[in-house]
Amino acid sequence: MLIASFNCNSVRARMPVLKRWLADTSPDFLCLQETKVVDGDFPVDEFLESGYNSVFMGEKSYNGVAIISKTKPDSVFHGFDGKGSDEGTRLIAVKSGKINIVNTYIPQGTAPDSEKFQYKLHWFERIKELFDSRYKKSDILIWVGDFNVAPEPIDVHNPKRLLGSVGYHPEEHRALASVKEWGFTDIFRKHTPDGGNYSFWDYRVKDGVARGLGWRVDHIWGTSKASDKSVRSWIDVEPRLWEKPSDHTPILAEFNF
DNA sequence: ATGGTCGTTGGACGA
């Protein structure tokens, strides 16, 4: 079973990349963030043509999450309340058989001295509460998405300079670590101990991929029952080098379920 | 690297 996460930065603008990548890679589940489209305009039919079912919730211009999959999930949960009225365009979860997948687009946070940064920190508390209330630590639970945090020094290209900036801030590290303590393993890191593996490169940095000026802010985490069944995890840099790329690139994990 | 660029829009704003 192959599960992927990709901040596509507009699902409509990224359709050529998405179709090509799905045909090449054939994941069972692809979790998308920043779809930037209202539900009525989500490209359901185009994904169907590629062989994928879609569940999603979006809004005009900003945010938006989706999970596309080869088989239709048994159930879908939107936002913190399940119905989508509270952060439904940043959190979508599915259950498919025994497998639970939570896909999040965590707030970016803007600047450490901003209210939005506090909101981001609070978001980690809230999702920990969701894990507590909705899931068991013995579940097969896979949490993926754009967490907008690079957890370790090896996850940014210049940790000394970047420490304290949004995405690599001690308060974010504490907040994320607290969620991890609930019972998650960083599945990518389990299989790939080396630094320099990034999932995001700013559009404004010229030749950022070639120059290694990236961040690992997209993640696939899992409970022990998920992590123990993971056989490999990797970041596919190629789509970031294609024409009209997202500023992120897909991260994947393969499981022996 | 913080200036650089994207995407959605229809002028900025978010990232």
Side-chain angles (χ1 to χ4, degrees), chain A residues 5-21 31-43 46-47 56-66 87-92 103-124 144-151 153-169 171-172 175-176 195-196 198-219 235 237-251:
Chain A
S5 175
F6 180 34
N7 180 324
C8 60
N9 186 20
S10 169
V11 68
R12 289 178 294 179
R14 218 58 61 209
M15 221 53 218
V17 165
L18 284 161
K19 282 183 175 175
R20 177 180 170 185
W21 190 78
C31 298
L32 298 173
Q33 305 88 33
E34 283 207 88
T35 55
K36 294 187 175 180
V37 64
V38 295
D39 292 348
D41 293 334
F42 193 91
E46 289 185 78
F47 281 121
F56 46 83
M57 187 172 281
E59 64 187 273
K60 190 178 172 181
S61 302
Y62 306 111
N63 306 325
V65 283
E87 295 293 66
T89 62
R90 288 189 182 274
L91 193 164
I92 185 169
N103 172 25
T104 56
Y105 173 50
I106 292 176
Q108 188 264 359
T110 309
D113 60 355
S114 67
E115 282 184 23
K116 288 181 177 176
F117 190 79
Q118 296 305 314
Y119 186 78
K120 178 183 191 175
L121 295 177
H122 185 49
W123 223 92
F124 288 104
V144 312
D146 180 356
F147 293 7
N148 265 313
V149 179
I154 56 173
D155 295 324
V156 291
H157 55 274
N158 189 338
K160 277 188 184 169
R161 182 177 61 80
L162 292 174
L163 185 62
S165 34
V166 175
Y168 189 66
H169 191 286
E171 289 187 55
E172 292 173 337
L176 183 57
Y198 306 127
S199 65
F200 163 81
W201 298 261
D202 196 314
Y203 283 130
R204 293 168 292 189
V205 179
K206 188 166 174 55
D207 301 323
V209 180
R211 296 162 63 200
L213 299 175
W215 303 59
R216 189 176 72 104
V217 293
D218 300 274
H219 301 285
I235 292 168
V237 180
E238 286 303 312
R240 184 64 180 79
L241 300 168
W242 293 349
E243 199 172 332
K244 273 200 84 180
S246 170
D247 42 2
H248 296 247
T249 208
I251 177 172

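Bear in mind the structure is a predicted one, so any value in this text is a computation, not a measurement. Chain letters run A, B, ... following the sequence lines, proteins first and then strands; every chain starts at 1.
Look at CH2 on A:W201: it is 16 Å from P on B:dC6, rounded to the nearest Å. One can place OH of A:Y105 at 8 Å from C1' of B:dG14, the figure rounded to the nearest angstrom. Look at CG on A:L18: it is 13 Å from P on B:dG7, rounded to the nearest Å. Rounding to whole angstrom units, CG of residue A:N63 and P of B:dC13 are separated by 17 Å. Straight-line distance from the CG atom of A:D41 to the P atom of B:dT8: 11 Å, rounded to whole Å. Atom-to-atom, CD of A:Q108 to C1' of B:dG7 comes out at 15 Å; the value is rounded to the nearest Å. Whole-Å rounding puts the A:Y168 OH to B:dT2 P distance at 17 Å. Per the geometry, CD1 belonging to A:I106 stands 17 Å off C1' belonging to B:dG14, to the nearest Å.
Nearest heavy atoms, A:Y203 versus A:P245: OH-O, 2.8 Å.
Heavy-atom nearest nucleotides on DNA chain B were determined for A:N148 and for A:S61, and the one closer to the 5' end corresponds to A:S61. Two residues, A:H248 and A:K206, neighbour DNA chain B, and the one matched to the more 5' nucleotide by heavy-atom proximity is A:K206.
Under the side chain to side chain donor-acceptor pair (under 3.5 Å) rule, A:Q33 has a single partner from A:N103, A:T104, A:N7, A:N9, which is A:N103. Tested against A:S199, the residues A:D218, A:D155, A:D146 include a single side chain to side chain donor-acceptor pair (under 3.5 Å) partner, A:D218.
Counting heavy atoms from C-beta outward, A:R216 and A:F147 have side chains that stay 4.5 Å or more apart. Contact of the A:E46 side chain with the A:L18 side chain is not registered, since no non-hydrogen atoms from C-beta on lie closer than 4.5 Å.
Listed nucleotides B:dA15, B:dT8, B:dT2 differ in distance to A:R161; the shortest reach to its side chain belongs to B:dT2. Minimum atom distance to the side chain of A:R204 is reached by B:dT2, of the listed B:dG7, B:dT2, B:dG14. For A:A13, the side-chain atoms get nearest to B:dG7 when compared with the rest of B:dT2, B:dA15, B:dG7.
A:F200 comes within 4.0 angstrom of nothing in the nucleic acid, heavy atoms only. Base engagement by A:R211 is indicated by at least one non-hydrogen atom pair under 4.0 Å involving a base atom.
With sequence neighbours excluded, the residues satisfying side chain to side chain contact (heavy atoms under 4.5 Å, CB included) with A:T249 are A:W201, A:I235, A:P239, A:R240.
Contacts between residues 237-247 of chain A and DNA chain B, defined by a heavy-atom separation below 4.0 Å, involve A:K244, listed by number.
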Pairs under 3.5 angstrom only: tabulate donor-acceptor contacts from the side chains of residues 105-113 of chain A to other protein residues two or more places apart or in another chain.
residue: A:Y105; atom: OH; partner: A:E34; partner atom: OE1; Å: 3.4
residue: A:Y105; atom: OH; partner: A:E34; partner atom: OE2; Å: 3.4
residue: A:Q108; atom: OE1; partner: A:T110; partner atom: N; Å: 2.6

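The aromatic rings of A:W215 and A:H157 sit perpendicular, their planes meeting at an angle over 60°, well past the 30° parallel limit.
Listed pair A:K116 / B:dG14 meets the phosphate criterion, a side-chain N or O lying under 4.0 Å from OP1 or OP2. Within the 4.0 Å cut-off from OP1 or OP2 of B:dA15, at least one side-chain nitrogen or oxygen of A:T110 is found. Checking the phosphate oxygens (OP1, OP2) of B:dC6, no side-chain nitrogen or oxygen of A:R14 falls inside 4.0 Å.
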